[in-house]
Amino acid sequence: MLDMKYLRKNTEEARRRLQERYVEPEKLDELLKLDEDRRTIISEVEGLKAQRNEVSDKIAFAKRQKEDASDAIAEMQKVGAKIKELDAKQAELDAKVQELAAHMPNLAAADVPVGPDEDANVEQRKWAPKDYGTRPHALEKQPDWIKPHWEIGENLGILDFERGAKVSGARFLYYIGDGARLERAVYNFMLDEHRKEGYTEMITPIVVNDSAMYGTGQYPKFQDDAYRVEGLDQTYIPTAEVPLTNYFSGETIPAEDLPIKFTALSPSFRKEAGAAGRDTRGLIRLHQFNKVEMVKFTKPEQSYDELEKMTANAENILQKLEIPYHVIMLSTGDMGFSAAKTYDVEVWLPAQNVYREISSCSNTEDFQARRMHITYRDDEGKLQLVNTLNGSGLAVGRTVAAILENYQNEDGSVTIPEVLRPYMGGEEKLQATPHF
RNA sequence: GGAGCUAUGGCACAAUCUGGUACUGCAGCGGACUCGAAAUCCGUCGAGCCGUCGUAUGGCGGUGUGCGGGUUCAAAUCCCGCUAGCUCCUCCA
């Protein structure tokens with residue numbers, strides 16, 4: 001949620017910054033007009049309420065003195081009717097202002113590249129291991145035996161997309177045997193790494209209420225992509241960002257506790273509305289996937305430093321796994337609704353010869369905190385909104401895909417990255433193990 | 001799922017039956033006493049949100065007794081709906 005006072009006082013700047021986010025300027029004009037109408041009504045109705053309060057006191061006093069007050073009561077009946085009418089008008093305007101404001105995305109930070117889509121994103125840095133050994137190399141032509149991860153997984157008998165589709169539908173799958181074990185090793189490794197960095201590990205509700213979805217900005221605009229529980233005002237989370245960030249909703253956090261860092265593994269549910277036909281194979285775009293999430297609550301002056309650190313925490317996972325990636329800064333048109341600035345970490349998938357998003361780290365500044373009313377007291381004792389950040393650390397299924405593709409061998413086996421071996425009972429290789 | 005009870009400032013509580021300035025204590029803040037502190041005494045204390053005025057510490061007004069409605073000149077109080085917690089029954093890992 002944007003700050004109405006900012007929009008009123010800095011209208012021209014706001015207009016420009018909203019245009020950067022591809023919001024039509026008319027939306028802002030409409031919002032400000034409604035806001036003005038609303039304030040006019042408030043002034044009017046508050047005057048009447050002040051009058052009513054005053055006269056009611058007099059009536060109370062008169063009654064105590066056993067005097068007659070029927071004239072005043074008759075007069076206040078008229079005032080009361082007028083107040084009721086204006087209250088209703090104000091409620092209507094409040095709802096309209098709320099509706100419009102709730103659909104406005106966050107403003108971009110000053111250094112975010114302006115552009116309509118991913119073509120305007122700007123690469124920040126690239127990383128690759130010093131020694132690839134015999135693995136497919138990010139910078140060289142790929143050998144012709146290289147396979148996409150879904151073929152590797154099916155050949156090894158560790159991924160079953162067909163049964164997933166049979167039992168649930170497209171974009172669902174089973175992990176089997178070593179596949180399930182690998183997924184578990186990956187997210188345990190991630191959680192352990194984040195714990196070392198001071199994140200508090202959480203297990204959160206996977207179903208949340210509407211106000212939580214609204215608080216982080218998924219609602220009201222993106223309801224179509226959510227798995228909503230029929231008959232209840234609850235939703236299967238699209239990311240653990242929702243329960244983690246809403247943990248403090250409505251609360252004032254002691255300033256000395258900031259910054260606070262949470263991490264959680266959770267399944268994430270997305271309908272992927274509008275993605276029909278894209279990435280239909282493999283682990284890239286599923287309706288249900290595991291993700292390790294990072295969330296931070298900070299003071300405003302800390303939040304951009306903490307964004308850099310969070311992105312580094314995501315990168316750390318891929319560096320320890322020794323998988324190539326690059327980091328890009330998203331453009332104003334490609335960023336998510338609540339974000340002021342976003343870094344995507346994209347992992348290299350050799351079989352497709354592309355970088356694919358595996359983490360998205362965003363600073364929402366006070367955009368979510370304003371919706372959720374999360375505050376702290378500054379040095380002067382005044383309440384201020386905290387800043388909230390969120391990032392994947394990392395998408396687990398996509399990490400498994402990256403491991404399968406980057407660590408595949410010509411004989412169809414997959415070498416297990418060294419850091420995962422302690423989590424895999426010391427095993428060094430995934431071999432074909434037909435199960436069922 | 002059924003029944004009963006509960007929800008008031010940072011904390012603990014009163015006022016609810018019988019509608020009329022939300023009591024008191026603790027904590028907090030300011031002051032007195034003191035070399036200083038404790039104790040004591042005096043004063044102050046509804047966080048936040050909204051509107052408005054002001055360069056501003058802030059003033060004025062509105063709102064604010066879990067949430068949303070209703071009745072009334074006036075609601076913590078009466079009525080309806082909801083949420084959460086507790087107790088019992090039922091069920092369950």
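Letters A, B, ... are given to chains in the order of the sequence lines, protein chains preceding strands, and every chain is numbered from 1.
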Using atom P in both nucleotides, what's the gap between B/C11 and B/G66 to the nearest angstrom?
13 Å

Just to confirm, is there a sub-4.0 Å distance from OP1 or OP2 of B/G62 to any side-chain nitrogen or oxygen of A/N53?
yes

Residues A/E427 and A/R421 bridged, charged N to O under 4.0 Å
no

Quantified in whole Å, what is the C1' atom distance between nucleotide B/G64 and nucleotide B/C50?
11 Å

Can you tell me how far P in B/C78 sits from the matching atom in B/G20, rounded to whole Å?
11 Å

Between B/G25 and B/C86, how many Å separate the two C1' atoms, rounded to a whole number?
26 Å

B/G61 to B/A3 separation - P atoms, rounded to the nearest Å:
47 Å

Quick test of your reading of the model: are A/E30 and A/K96 salt-bridged, counting only N-O distances below 4.0 Å?
no

Tell me whether A/D37 is salt-bridged to A/K33, with the criterion being a basic N under 4.0 Å from an acidic carboxylate O.
yes

Length of the line joining A/K82:NZ and B/C73:C1', which is rounded to integer Å:
18 Å

Please check the phosphate of B/G51 (OP1 and OP2 only) for any side-chain N or O of A/R8 closer than 4.0 Å.
yes

Taking the C1' atom of each, how far is B/U24 from B/A14, in whole Å?
7 Å

Is the shortest side-chain N/O distance from A/K84 to OP1 or OP2 of B/C73 below 4.0 Å?
no

Euclidean distance, atom CG of residue A/D94 to atom C1' of B/U63 [Å, nearest integer]
12 Å

A/I73 or A/G47: which one's nearest nucleotide on RNA chain B is closer to the 5' end?
A/G47

Ionic contact status for A/E36 with A/R39, cut-off 4.0 Å:
no

Between A/R38 and A/D35, does at least one N-O distance fall below 4.0 Å, as a salt bridge requires?
yes

Please, what dot-bracket string fits RNA chain B when only Watson-Crick and G-U pairs with both distances under 3.5 Å count, crossing ones use [ ] and pairs to another strand use |?
(((((((..(((.......[...))).(((((.......)))))...((((((....))))))..(((((..]....))))))))))))....

Under-4.0 Å side-chain N/O to phosphate OP1/OP2 contact, A/R39 with B/U52:
yes

Taking ring-ring contact (aromatic ring centres under 6.0 Å, His included) as the criterion, tell me which of A/F262, A/Y199, A/Y376, A/Y247 meets it with A/F297.
A/F262

From B/C73, B/G62, B/G48, pick the nucleotide closest to the side chain of A/R377?
B/G48

Toward the 5' end of RNA chain B, by each residue's nearest nucleotide, A/A50 or A/D57
A/D57

A/D279/A/R171 ion pair, N-O < 4.0 Å
no

Interatomic distance at P, B/G51 relative to B/U44, whole Å:
31 Å

